[in-house]
Student: 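Below you'll find the structure I mean.
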Amino acid sequence: MSSSVSAAEGGAGMTAVGVKPGPILLLGAPGVGKGTQAKELVKLWGIPQISTGDLLRANVRNDTDLGKLAYEIMQRGELVPDSLVNEMVAVRLAEPDTLNGFILDGFPRTLPQAGWVDSRLASQPGALPVVAVSIKVDYTQLLRRITGRRNCPVCQTIYNIYLQPPKNEGVCDVEGASLVQRSDDTEPTFKGRMRTYDSLTAPVVEHYRALGRFAEVNGDQPIADVAAGIVSSVERLRAQG
Ligand code: AMP
């Protein structure tokens with residue numbers, strides 16, 4: 001991590017200026033690096049990452065009713081129905097580790113999901129308002145990031161065979177486990193996910209832009225620089241009150 005990010009570290013869920021991070025939404029198209037950045041912010045602030053994609057994949061792995069329903073939808077690059085995703089997020093938000101804040105990664109993805117989370121947070125006494133950060137990367141770069149992405153099934157470290165390969169091909173540097181590719185990280189599914197993003201999720205970005213407490217960060221930079229951009233945006237927006 002770069003010194004600029006480390007310098008912002010305040011520990012125990014606080015930023016350097018003593019600001020509680022509160023609820024943070026990471027927005028952006030598939031492959032912009034929401035998951036990677038959420039993990040950087042978790043390390044920095046000690047608040048949890050809540051990734052609806054990860055929660056859904058866990059349901060698929062565990063063969064739950066939700067997982068059975070979600071699998072085909074995810075393979076097509078479409079969205080799981082709002083009511084099911086909202087319920088899944090409600091259960092996760094009820095856990096006590098969300099008290100100082102949390103990073104929602106991949107949620108909300110539709111305007112009804114945004115309306116749901118906005119009113120849920122507004123109804124919690126003392127809860128900070130949401131800060132939304134949109135990460136931007138151009139289409140060609142996204143395609144390379146998605147089709148090159150590989151994960152360690154043990155520690156969840158994310159690699160890219162073109163942009164950030166492991167030291168030994170196909171093997172995690174940390175765990176030595178064989179890397180895996182997400183089944184929806186193929187070019188045809190990526191195209192479906194981008195169509196879904198443009199029609200249903202891009203309006204969510206505009207919703208938060210219009211509300212204020214919104215920042216845009218260039219995602220086509222080294223991981224630490226993107227993280228530093230997000231941290232300074234969150235600090236600035238929180239300081240504005
Ligand atoms: P992700 O890991 O965020 O790219 O999500 C993978 C897939 O899970 C998406 O392509 C959707 O099919 C599904 N998914 C994740 N988050 C949501 C959400 N907020 N609403 C509906 N479907 C979702």
Side-chain angles (χ1 to χ4, degrees), residues 23-39 41-42 48-93 102-121 130 132-137 139 141-153 156-160 180-205 207-208 219:
I24 297 167
L25 308 183
L26 282 187
L27 306 173
V32 295
K34 298 186 294 294
T36 302
Q37 289 303 322
K39 287 179 178 61
L41 301 176
V42 166
Q49 168 192 14
I50 302 177
S51 155
T52 44
D54 286 350
L55 291 173
L56 288 167
R57 279 184 287 280
N59 275 277
V60 170
R61 270 196 310 279
N62 296 331
D63 208 23
T64 65
D65 289 346
L66 173 58
K68 286 189 186 97
L69 188 139
Y71 179 75
E72 296 292 331
I73 297 174
M74 292 168 79
Q75 288 310 110
R76 290 196 299 269
E78 293 169 7
L79 294 184
V80 176
D82 292 334
S83 58
L84 300 177
V85 180
N86 292 352
E87 175 56 26
M88 188 178 75
V89 172
V91 169
R92 181 63 186 88
L93 287 181
F102 47 85
I103 301 147
L104 275 172
D105 153 14
F107 181 91
R109 252 176 160 101
T110 64
L111 285 173
Q113 289 179 13
W116 177 84
V117 80
D118 291 351
S119 55
R120 190 192 156 93
L121 294 175
V130 143
V133 181
S134 170
I135 309 175
K136 303 234 350 171
V137 173
Y139 185 93
Q141 179 74 351
L142 289 180
L143 180 61
R144 266 166 74 83
R145 287 189 180 196
I146 287 280
T147 55
R149 177 158 65 183
R150 301 290 184 275
N151 293 349
C152 171
Q156 311 306 327
T157 300
I158 302 168
Y159 298 88
N160 186 291
V180 293
Q181 181 175 30
R182 274 172 48 174
S183 58
D184 59 346
D185 274 352
T186 59
E187 189 165 343
T189 305
F190 170 74
K191 289 187 170 152
R193 287 160 75 193
M194 281 306 290
R195 275 194 298 275
T196 304
Y197 178 82
D198 288 339
S199 61
L200 296 173
T201 311
V204 172
V205 176
H207 166 76
Y208 287 105

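No experiment lies behind these values; they were computed from the predicted model shown. Ligands are counted one by one from 1 in listed order, and the atoms in each one are counted from 1 as well. Because only heavy atoms are used, hydrogens play no part in the values below, and waters and symmetry mates are left out as well, while side chains stay in.
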Student: State, without any angle test, whether D63 and Y71 hold a side-chain donor-acceptor pair at a distance under 3.5 Å.
Tutor: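 On atom types as modelled, these side chains do not qualify, holding no pair under 3.5 Å.
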
Student: Tell me, do P108 and H207 make a side-chain contact under 4.5 Å, heavy atoms counted?
Tutor: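 No, side chains not in contact.
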
Student: Go through ligand 1 atom by atom and flag the ones less than 4.0 Å from a non-hydrogen atom of G106.
Tutor: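 Result: 16 (N), 17 (C), 18 (C), 19 (N).
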
Student: With a heavy-atom distance limit of 4.0 Å, tell me whether D184 approaches ligand 1 through its side chain, its backbone, both, or neither.
Tutor: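 Under 4.0 Å from ligand 1, D184 contributes side-chain atoms alone.
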
Student: Check this for me: does any side-chain nitrogen of one of D54 and R57 sit under 4.0 Å from a carboxylate oxygen of the other?
Tutor: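 Salt bridge flag = yes for R57 with D54.
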
Student: What protein heavy atom sits nearest atom 23 (C) of ligand 1, and how far away is it?
Tutor: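 Ranked first by proximity to atom 23 (C) of ligand 1 is L56 CD1, 3.7 Å.
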
Student: Should F107 be counted as touching ligand 1, given the test is an N or O pair under 3.5 Å?
Tutor: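 No: no nitrogen or oxygen of F107 is under 3.5 Å from one in ligand 1.
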
Student: I need the nearest protein heavy-atom contact for atom 11 (C) of ligand 1: residue, atom name and distance, please.
Tutor: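 It is E78 O, 3.3 Å.
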
Student: May I ask you to check if ligand 1 and R182 share an N or O to N or O distance below 3.5 Å?
Tutor: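 It does: an N or O of R182 is found under 3.5 Å from an N or O of ligand 1.
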
Student: For atom 22 (N) of ligand 1, grab the closest protein heavy atom and report residue, atom and distance to one decimal in Å.
Tutor: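 In this structure, atom 22 (N) of ligand 1 has V80 N, 3.1 Å as its nearest protein heavy atom.
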
Student: Measure the distance from atom 7 (C) of ligand 1 to every protein heavy atom, then report the residue, atom name and distance (to 0.1 Å) of the closest one.
Tutor: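 Answer, as residue, atom name and distance: M74 CE, 3.8 Å.
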
Student: Are P30 and D184 packed together at the side-chain level, in the sense that at least one heavy-atom pair is separated by less than 4.5 angstrom?
Tutor: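 Not in contact.
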
Student: Distance under 4.0 Å to a non-hydrogen atom of V85: what atoms of ligand 1 satisfy this?
Tutor: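 Once the distances to V85 are compared, the set is 18 (C), 19 (N), 20 (N), 21 (C).
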
Student: Taking the ring centre of each residue, are Y139 and F190 less than 6.0 Å apart?
Tutor: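 Centroid distance Y139-F190: below 6.0 Å, so yes.
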
Student: Should we say atom CG of D65 is surrounded by more than 12 heavy atoms from elsewhere, each under 6.0 Å from it?
Tutor: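 It does not: D65 CG has 12 such atoms or fewer within range.
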
Student: Measure the distance from atom 16 (N) of ligand 1 to every protein heavy atom, then report the residue, atom name and distance (to 0.1 Å) of the closest one.
Tutor: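 Result for atom 16 (N) of ligand 1: T52 OG1, 2.8 Å.
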
Student: Please determine if R193 and D185 form a salt bridge, counting it only when a charged side-chain N lies under 4.0 Å from a carboxylate O.
Tutor: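 A salt bridge links R193 with D185.
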
Student: If I take atom OG1 from residue T52 and atom CG from residue L79, how far apart are they, to the nearest 0.5 angstrom?
Tutor: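 These two atoms lie 9.0 Å from each other.
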
Student: Got the closest protein heavy atom to atom 15 (C) of ligand 1, with its distance?
Tutor: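 Here the closest protein heavy atom is R109 NH1, 3.3 Å.
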
Student: Measure the distance from atom 20 (N) of ligand 1 to every protein heavy atom, then report the residue, atom name and distance (to 0.1 Å) of the closest one.
Tutor: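 Here the closest protein heavy atom is Q113 NE2, 2.9 Å.
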
Student: Would R57 count as a polar contact of ligand 1, with the cut-off being nitrogen or oxygen pairs under 3.5 Å?
Tutor: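 Yes; the residue has a nitrogen or oxygen that sits under 3.5 Å from a nitrogen or oxygen of the ligand.
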
Student: What do we get for K34 next to ligand 1 when only non-hydrogen atoms under 4.0 Å count, side chain, backbone, both or neither?
Tutor: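 K34 to ligand 1: no contact under 4.0 Å from either part.
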
Student: Rounded to the nearest 0.5 Å, how far apart are CD of Q37 and CG of L26?
Tutor: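 Between atom CD of Q37 and atom CG of L26 there are 7.5 Å.
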
